[in-house]
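All remarks here apply to the structure that follows.
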2 protein chains.
Amino acid sequence: MYLTQRNQYALRAIVELAIRVGKGPVKVSEIAKAQAIPLRFLEVILGQLKGSGLVDAKRGYHGGYFLLRQPEEITVGSVVRYLQGEPDPKECQSCISKMQCPFKNDCAFASLWSRVNTAVFNIYDETTIKDLVPDKSVARS
Amino acid sequence: MYLTQRNQYALRAIVELAIRVGKGPVKVSEIAKAQAIPLRFLEVILGQLKGSGLVDAKRGYHGGYFLLRQPEEITVGSVVRYLQGEPDPKECQSCISKMQCPFKNDCAFASLWSRVNTAVFNIYDETTIKDLVPDKSVARS
DNA sequence: TGCTTTCTTGACTTAATTAGTCGGGAATAT
DNA sequence: ATATTCCCGACTAATTAAGTCAAGAAAGCA
């Protein structure tokens, strides 16, 4: 639910792909430049994102990354859920913190944490990548 | 908005004080034991909490910590806001991540982050410490 | 007074997480 | 062939969070 720098880079990279949708594969170096993300780090991140089925890449001369779905079909929630991975079943599911809660089954905070989590993902799930594409970019296309 | 272990300890310590409200000062060692928090660490945390005006302490023989307000008058939001301190004005206010967003004024994510933040604090602000006190404890008092 | 208890302060150490780098290999188009 | 661009896995560095410690100061009690 809390988004690391890395996860924000991932979202921004997807937004960049959305901006250039329909113009063929986009090189990592272009995305890195446009979004001010360290190139080598972005390579790692995009590599991970391929596993989500949301993006794919082509190598060689006119290689690069591209979206596998339309920007309006990709929600922030689906990206975040993929990046954060499946929650560790050994940890208190409802806990906001990664550290584990010592009161496994009757944690007084459980309901609070789960309400917060739900509220956050409600917003993430109703926001698509298209919503994050700046208007200027849309006009340009 | 993301709560560290330390911040959860702080909330749990306040809940423990709420459970024992009206029974005089509670020793740090008692709270530490009841909530399974490392003693020395808890001393630091409670020391910080004194600055919030929500709790105070007395030293010596029958010393310990106690609440300055009723549990139902203390919201989780007020505690969290105090613990997290005033946001650094140099950072992107709306950013969820602590790292700063490179697109200062026209960050496409700004609205998303601020909606998330608002949603989370709405929940925090409508939850009081009393809401977190387990029923069993209330019955006992 | 002098002793014990308990908080107080601030600096310190350790552990965990996150961020970022690097070298070399593999596919692709010309 | 060869230039280009993604691919892979291991590595280092930076930052944040967690936790410890020692010495001191107030409060009560004998």
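Chain letters run A, B, ... following the sequence lines, proteins first, then strands; residues in each count from 1. A quick note: this is a predicted structure, and the numbers were derived from the prediction, not measured.
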(message) Quick one, B:E16 with B:R12, criterion salt bridge (Lys or Arg N to Asp or Glu O under 4.0 Å). Give me CA distance, side-chain angles, the key distance, then yes/no.
(response) CA-CA 6 Å; B:E16 193 62 32; B:R12 299 223 310 265; over 6 Å; no

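- Using a 4.0 Å cut-off on heavy atoms, the residues of residues 40-57 of chain B that approach DNA chain C are B:E43, B:K50, B:A57, listed by number.
- For the side-chain contact (heavy atoms from CB on, under 4.5 Å) test with B:Y65, the passing option among B:E30, B:K50, B:R20 is B:K50; the others fail.
- The separation between B:R6 atom CZ and C:dT17 atom P is 18 Å, rounded to whole Å.
- Residues passing the salt bridge (Lys or Arg N to Asp or Glu O under 4.0 Å) test with A:E126, sequence neighbours excluded: none.
- Residue A:T4 places none of its side-chain N or O atoms closer than 4.0 Å to OP1 or OP2 of C:dT17.
- When the side-chain nitrogen and oxygen atoms of A:Y65 are compared with OP1 and OP2 of D:dC7, one or more of them lie within a distance under 4.0 Å.
- In this entry the distance linking CD of A:Q5 with P of C:dT21 reads 12 Å, nearest Å.
- In this structure, the side chains of B:Q35 and B:L42 stay at 4.5 Å or more apart for every pair of heavy atoms.
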(message) A:I129 vs A:L54, test: side-chain contact (heavy atoms from CB on, under 4.5 Å). Steps then yes/no.
(response) CA-CA 11 Å; A:I129 295 300; A:L54 299 171; over 6 Å; no

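- Straight-line distance from the CG atom of B:L3 to the P atom of D:dA17: 12 Å, rounded to whole Å.
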(request) Can you check each nucleotide of nucleotides 25-30 of chain C against protein heavy atoms at under 4.0 Å and return B for base, S for sugar-phosphate only, - for none, in 5' to 3' order? (result) BBSBBS

